[in-house]
Amino acid sequence: MAAPLALVDCNNFYASCERVFQPRLRGQPVVVLSNNDGCVIARSNEAKALGVEMGAPWHLQKERFARLGVVVRSSNYTLYGDMSARVMRVLADFTPNLEIYSIDEAFLGLAGFEHRLEAHARMLRATVLQWTGIPVSVGTAPTKTLAKAANRMAKKNPTAGGVALLLTEAAQTAALAGMELTDLWGVARRMAARLGEAGIHSPLDLRDAEPRFVRERFSVVLERMVYELRGLPCLSLEEIMPDRKSIMASRSFGRPVTTPAEMAEAVATYTTRAAEKMRRQRLATSSLIVFVETNRFKPNDPQHCASQAVQLPVATANTGTLISAALRGFGAIWRPGFSFKKAGVMFLDLVPAHAVQGGLFDAPDTPAQQRLMAIVDRINARYGRDAVGFARSGKRRAWKLRSEHHSPRYTTNWDDLLRV
DNA sequence: TCTGGGGTCCTAGGACCC
DNA sequence: TCTGGGGTCCTAGGACCC
């Protein structure tokens, strides 16, 4: 059998975070609301038991919540991010192979723990609870897809104690028999409908389907799922988190926005926020999209949803440059006479940005350049963060050198660099 | 009045190249 | 009748996830 892995998932994560800091909320129905307090994005078990739906618009539920005694919290993403980091640090003590999958989930490679998988899972669960106050569920299985299913069992089954293992085919068959297609990781409503048309009505049907048929009729993704359900791993543990491929900042407005000045301000604000996020991840962009939307929930109002891509000559993480580019794009899609509900900015074509303060950015391409960047980083760490940077002029890549004794100059000669 | 904010991957089709 | 074939890149749109 493949080396087992575990999926650890924080229970009702945002609601649990609120409880850590307000213990009196324990045992009470708690919901957390989205930005602008628009709709429900997290529910405690007690709230779920009362029939509170995910995504329920708050303005339609206010009175009902009050009647039922549901405690309502506005979301606090900074807090949740911090709690997430604490949980992940504890998990790192329980495996050498950790993949942080989302703010509240992680996969743990468990090679070497085969002889005590259940005890390990229970110890992990107790430790996370004790050190962070967050309850988690642990699902252990030979593949990620089955670990997801195991995790679901651990959550649903009150006698499981938050831990479930799907290590044998018999256990896997029994578990899948109790699930709907849409309970599977990667199958949502539309895909389930299409599968139904092909005579696949349950997770067991899918597991036992012919992989080639599934690939031809559907996709390679679904074919992989067939194998995963059979216990043959197709999705590996990704311990190194790859760089983001896009970064977005967008918001719905609390009230309709009709003037270009207000819209432009929103675009500038979101651009600033996205640029901050991007710099935190040491990335830069040469391509952005700005978009605006009217209120899609008011079909009788005039609708205008538009987006505009803007290309920059070089990758940058400079807020001013990005704002002026975003506003240029905004100018192309702004139309008077509409009530806008939402706007946003997305950065694409992200490249590693080795920061040059106030300068240009570009990414090292070749392995040789990457090795050189490691040297550059060390020089900068020792002599100040922008002692050496690099830039690009047209298609020509050049290193930008600075020191106390020389004015900045560009070079393509590595030996120059090593003399700095 | 009021309905989230992020992300990823795959596919299909067209342009273009040799 | 047939009208090269293979490869890459780009874009738009769909589907899914947390």
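None of the values given here were measured: they were computed from a predicted structure. So that the names make sense, note that chain A is the first sequence line, chain B the second, and so on, each numbered from 1.
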Does the A:Glu105 side chain pair with the main chain of A:Ile100, one donor and one acceptor, at a distance under 3.5 Å?
no

Closer than 4.0 Å, any side-chain N/O of A:Lys341 to the OP1 or OP2 of B:dT3?
yes

So, A:Glu262 and A:Arg255, do they make that salt bridge, N to O below 4.0 Å?
yes

Calculate the interatomic distance between A:Leu235 atom CG and C:dC17 atom P; express it in whole Å.
13 Å

In chain order, what residues pass the side chain to side chain contact (heavy atoms under 4.5 Å, CB included) check against A:Ser16, with sequence neighbours excluded?
A:Asn12, A:Ile134, A:Pro135

Check every strand shown and say whether A:Asn36 touches a base, only sugar-phosphate, or nothing at a heavy-atom separation below 4.0 Å.
nothing

Test your reading of the model: is there a side-chain donor-acceptor pair from A:Glu118 to the backbone of A:Leu165, 3.5 Å cut-off?
no

Nearest-Å distance for atom pair CE/C1', residues A:Met88 and C:dC18
12 Å

Side chains of A:Arg279 and A:Thr319, donor plus acceptor under 3.5 Å:
yes

Does one side chain, of A:Arg89 or A:Thr132, offer a donor that lies under 3.5 Å from an acceptor on the other?
no

Contacts to DNA chain B from residues 289-305 of chain A, heavy-atom cutoff under 4.0 Å, which residues?
A:Arg296, A:Phe297, A:Lys298

Tell me the interatomic distance from A:Tyr101, atom OH, to C:dC17, atom P, rounded to whole angstroms.
8 Å

Angle between ring planes, A:Phe340 versus A:Phe338, binned at 30° and 60°: parallel, tilted or perpendicular?
tilted

Can you say whether the rings of A:Tyr80 and A:Tyr14 are parallel (under 30°), tilted (30 to 60°) or perpendicular (over 60°)?
parallel

After noting the C-alpha distance and the side-chain angles of A:Val72 and A:Val40, does the key distance pass the side chain to side chain contact (heavy atoms under 4.5 Å, CB included) rule?
CA-CA 9 Å; A:Val72 175; A:Val40 173; over 6 Å; no

Have a look at A:Pro242 and say if it touches a base, only the backbone sugar-phosphate, or nothing, with a 4.0 Å heavy-atom cut-off.
nothing

Report yes if a side-chain nitrogen or oxygen of A:Ser102 is closer than 4.0 Å to either non-bridging phosphate oxygen (OP1 or OP2) of C:dC17; otherwise report no.
no

For A:Leu222 and C:dG14, what is the distance between atoms CG and C1' respectively, to the nearest whole Å?
15 Å

Nearest heavy-atom contact between A:Gly344 and A:Ser250 is CA-CB, 3.6 Å

Should we say atom CD of A:Glu180 is surrounded by more than 12 heavy atoms from elsewhere, each under 6.0 Å from it?
no

Do we see a donor-acceptor contact under 3.5 Å between the side chains of A:Ser137 and A:Asn11?
yes

Hey, are A:Ser44 and A:Glu46 close enough side-chain-wise for a donor-acceptor pair under 3.5 Å?
yes

Can a donor-acceptor pair be found between the side chains of A:Asp37 and A:Ser74 at a distance below 3.5 Å?
yes

Please state how far atom CZ in A:Phe253 lies from atom P in B:dG4, giving the value in whole angstrom units.
13 Å

In the 5'-to-3' direction, what one-character label does each nucleotide of nucleotides 6-12 of chain B receive under the scheme B = base within less than 4.0 Å of a protein heavy atom, S = sugar-phosphate only, - = no such atom?
BSSSSS-

Between C1' of C:dC17 and NZ of A:Lys148, the distance in whole Å
8 Å

By a strict heavy-atom criterion of less than 4.0 Å, which residues belonging to residues 3-21 of chain A are in contact with DNA chain B?
none

Expressed as a whole number of Å, how far does the C1' atom of C:dC17 sit from that of B:dG4?
15 Å

Stems of at least 3 consecutive Watson-Crick or G-U wobble pairs (donor-acceptor distances under 3.5 Å) involving DNA chain B, listed by first number, are B:5-18 with C:5-18

Decide whether A:Gln22 and A:Arg73 meet the rule of one side-chain donor and one side-chain acceptor closer than 3.5 Å.
yes

Does A:Glu228 pair with A:Lys148 as a salt bridge, N-O distance under 4.0 Å?
no

Report the distance from atom CE of A:Met54 to atom C1' of C:dC18, rounded to the nearest whole Å.
8 Å

DNA chain B contacts among residues 177-196 of chain A, heavy-atom distance under 4.0 Å
none

Should A:Tyr101 and A:Trp185 be marked as a ring pair (Phe, Tyr, Trp, His ring centres under 6.0 Å) after you check the CA-CA gap, both sets of side-chain angles, and the distance that decides it?
CA-CA 13 Å; A:Tyr101 177 70; A:Trp185 186 38; 5.6 Å; yes

In whole Å, what is the span from the NZ atom of A:Lys62 to the C1' atom of B:dT3?
13 Å

